Student: 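What follows is a single structure, and I will ask about it in a moment.
Fair warning: this is a prediction, and the values are worked out from it, not measured in the lab.
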Amino acid sequence: MNKERKTLMKKSTRDLIIENNVKRLRLNSHDKEVYENYLTYVRANLSINEHESEKMLLDILNHLLKAEKDGMLAMEFFDHDPKKHADNMINNMPNRTIQNIFKFIGLHILILLGVFSFIRGFTGFFTQIEYTYLYTFIITFITGFSMIFFFIWMIFKVVQIRIYSLSNWTTMLTNILIAGSFILTILSFYLPGYYLQLGPKIYTSNWMYIIISLILTPLGLYIDHRRKINQPETR
């Protein structure tokens with residue numbers, strides 16, 4: 001067992017994910033569904049390091065495969081409460097919420113800037129304003145950037161909530177949360193530029209923002225893909 005864990009320590013995040021994808025095919029259909037819900041719940045938690053969580057998930061899968069050979073079902077393995085088991089495992093890992101927020105922004109800066117540019121350009125077509133005020137732009141950048149991250153965080157949280165709650169009320173409330181977060185994100189770009197006139201006036205084409213977005217977003221996605229291949233401990 002110690003040898004297996006030492007082997008896991010040396011693998012990149014991508015290698016761990018690939019191994020997990022292959023190994024969980026060995027589970028029977030019911031156990032596979034239980035484990036995949038468990039896996040999704042853990043991966044949707046932004047408070048833990050991705051590499052550490054993938055090592056933990058693969059370790060759990062290895063134990064689950066051995067338990068299945070001994071005739072134990074996945075629900076029995078998780079003591080009939082996979083969510084509680086996952087929460088306990090997460091709570092035993094270092095909480096890196098603040099670090100992960102800044103790390104997430106740092107690692108996905110080009111993608112986030114691309115999204116920011118697209119929304120800024122898109123909302124500009126509705127305001128019919130092709131200029132901005134420097135200080136207003138800074139305020140818009142801060143509020144917009146913050147709301148983009150909040151919207152992403154909300155999506156991950158909703159995924160977690162829905163996995164172990166099949167209630168129609170839960171579905172409706174989470175849909176409202178996502179819609180509300182999306183509207184607030186758009187308003188965070190629209191309102192400052194429309195109502196605030198702070199700092200020097202600068203001409204900015206809305207199409208320029210769209211073009212910047214079309215350059216930065218694919219570039220950011222490509223770099224993110226390469227990073228996950230080459231670097232082991234990244235989210």
Side-chain angles (χ1 to χ4, degrees), residues 1 4-5 8-9 11 13-104 107-108 148-182 228 232-235:
M1 189 60 62
E4 286 183 5
R5 290 183 178 177
L8 291 180
M9 291 289 290
K11 294 181 178 179
T13 304
R14 181 173 179 271
D15 289 337
L16 292 169
I17 292 172
I18 291 173
E19 185 175 345
N20 195 307
N21 290 342
V22 173
K23 278 189 172 181
R24 70 173 181 266
L25 294 175
R26 302 177 193 172
L27 296 168
N28 65 54
S29 58
H30 180 265
D31 286 357
K32 183 169 175 285
E33 181 181 356
V34 171
Y35 175 76
E36 286 182 342
N37 286 338
Y38 182 97
L39 175 146
T40 304
Y41 183 83
V42 171
R43 284 181 176 172
N45 191 305
L46 289 179
S47 71
I48 53 179
N49 178 273
E50 183 185 25
H51 189 66
E52 294 298 319
S53 65
E54 289 301 332
K55 285 194 295 183
M56 181 270 285
L57 287 168
L58 189 54
D59 191 43
I60 291 289
L61 178 57
N62 288 333
H63 281 83
L64 185 57
L65 286 166
K66 290 178 181 178
E68 190 177 77
K69 286 182 180 179
D70 295 333
M72 181 183 288
L73 297 175
M75 288 302 289
E76 295 175 316
F77 178 84
F78 292 123
D79 200 22
H80 300 281
D81 195 344
K83 181 180 181 300
K84 184 178 178 180
H85 187 282
D87 286 335
N88 287 336
M89 296 299 294
I90 290 169
N91 291 335
N92 287 328
M93 300 175 75
N95 189 312
R96 300 181 178 178
T97 304
I98 302 301
Q99 297 97 314
N100 282 340
I101 287 174
F102 288 103
K103 188 175 181 181
F104 183 92
L107 293 174
H108 302 85
I148 286 173
F149 180 81
F150 175 75
F151 181 63
I152 292 170
W153 176 85
M154 180 62 69
I155 290 175
F156 277 87
K157 207 64 184 173
V158 165
V159 168
Q160 281 193 305
I161 293 170
R162 285 189 176 182
I163 287 171
Y164 292 117
S165 179
L166 302 177
S167 164
N168 290 331
W169 280 104
T170 300
T171 301
M172 184 180 71
L173 288 173
T174 51
N175 283 339
I176 291 173
L177 283 174
I178 291 176
S181 300
F182 179 75
K228 287 201 171 185
E233 296 193 14
T234 51
R235 176 170 284 282

Student: Would you say that H51 contacts K55 through its side chain, given a criterion of any heavy-atom pair below 4.5 Å between the two side chains?
Tutor: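 With C-beta onward as the side chain, the pair touches.
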
Student: First locate atom CE of M89, then atom CD1 of I48, and finally report the distance between them rounded to the nearest 0.5 Å.
Tutor: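 The CD1 atom of I48 is 9.5 Å from CE of M89, to the nearest 0.5 Å.
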
Student: Which value, rounded to the nearest 0.5 Å, describes the distance between N20 atom CG and D59 atom CG?
Tutor: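 Here the rounded value is 11.0 Å.
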
Student: Which atoms form the tightest heavy-atom contact between P82 and Y164, and what is the distance?
Tutor: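 Heavy atoms of P82 and Y164 come nearest at CB-OH, 3.5 Å.
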
Student: Kindly indicate, with the supporting measurements, whether the criterion side chain to side chain contact (heavy atoms under 4.5 Å, CB included) is fulfilled by L65 and R24.
Tutor: CA-CA 8 Å; L65 286 166; R24 70 173 181 266; over 6 Å; no

Student: Any side-chain heavy atom of F156 sitting closer than 4.5 Å to one from I152?
Tutor: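 Yes; the side chains approach each other to less than 4.5 Å.
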
Student: I need the minimum non-hydrogen distance between D31 and L27, along with the two atoms involved.
Tutor: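 Heavy-atom minimum between the residues: O-CD1, 4.1 Å.
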
Student: Does atom CG of N168 have more than 12 heavy-atom neighbours, drawn from other residues, nucleotides or ligands, at distances under 6.0 Å?
Tutor: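 No, because the 6.0 Å sphere around CG of N168 holds 12 heavy atoms or fewer from other groups.
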
Student: So, for Y35 and L57, which heavy atoms are closest and what is the spacing to 0.1 Å?
Tutor: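 Nearest heavy atoms, Y35 then L57: OH-O, 2.7 Å.
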
Student: Atom CD1 in I161, atom CG in L173: separation rounded to 0.5 Å?
Tutor: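 Between atom CD1 of I161 and atom CG of L173 there are 9.0 Å.
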
Student: Hey, are E54 and R43 close enough for a salt bridge, meaning a charged N less than 4.0 Å from a carboxylate O?
Tutor: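 Looking at E54 and R43, the cut-off is met.
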
Student: Nearest 0.5 Å please: distance from the OG1 atom of T40 over to the CD atom of E36.
Tutor: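 Atom-to-atom, T40:OG1 and E36:CD are 7.0 Å apart.
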
Student: Quick one: closest heavy-atom pair of S181 and M154, and the distance?
Tutor: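 What the structure gives for the nearest pair is OG-CG, 3.5 Å.
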
Student: Going by atom type alone, with no hydrogens or angles, which donor-acceptor pairs under 3.5 Å involve a side-chain atom of residues 67-80 and a protein atom two or more places apart or on another chain?
Tutor:
unit_1	atom_1	unit_2	atom_2	d
E68	OE2	N28	N	3.2
E68	OE2	N28	ND2	3.0
E76	OE1	L73	N	2.9

Student: Do side-chain atoms of T174 reach the backbone of T171 as a donor and acceptor pair under 3.5 angstrom?
Tutor: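 It does hold such a pair.
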
Student: Could you measure the distance from the CD1 atom of I155 to the NZ atom of K157? Nearest 0.5 Å is fine.
Tutor: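 One finds 14.0 Å between CD1 of I155 and NZ of K157.
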
Student: Identify the heavy atoms of I178 and F151 that sit nearest to each other, and give their distance.
Tutor: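 That would be O-CE1, 3.6 Å.
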
Student: Nearest 0.5 Å please: distance from the CG atom of N175 over to the OG1 atom of T170.
Tutor: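 Answer rounded to 0.5 Å: 10.5 Å.
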
Student: If I compare all heavy atoms of H85 with all of I60, which pair ends up nearest, and what's the gap?
Tutor: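 Shortest heavy-atom separation between H85 and I60 comes out as CE1-CD1, 3.7 Å.
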
Student: Just checking K84: does its NZ atom have more than 12 heavy atoms from other residues, nucleotides or ligands closer to it than 6.0 angstrom?
Tutor: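 For K84, atom NZ is not crowded (no more than 12 foreign heavy atoms under 6.0 Å).
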
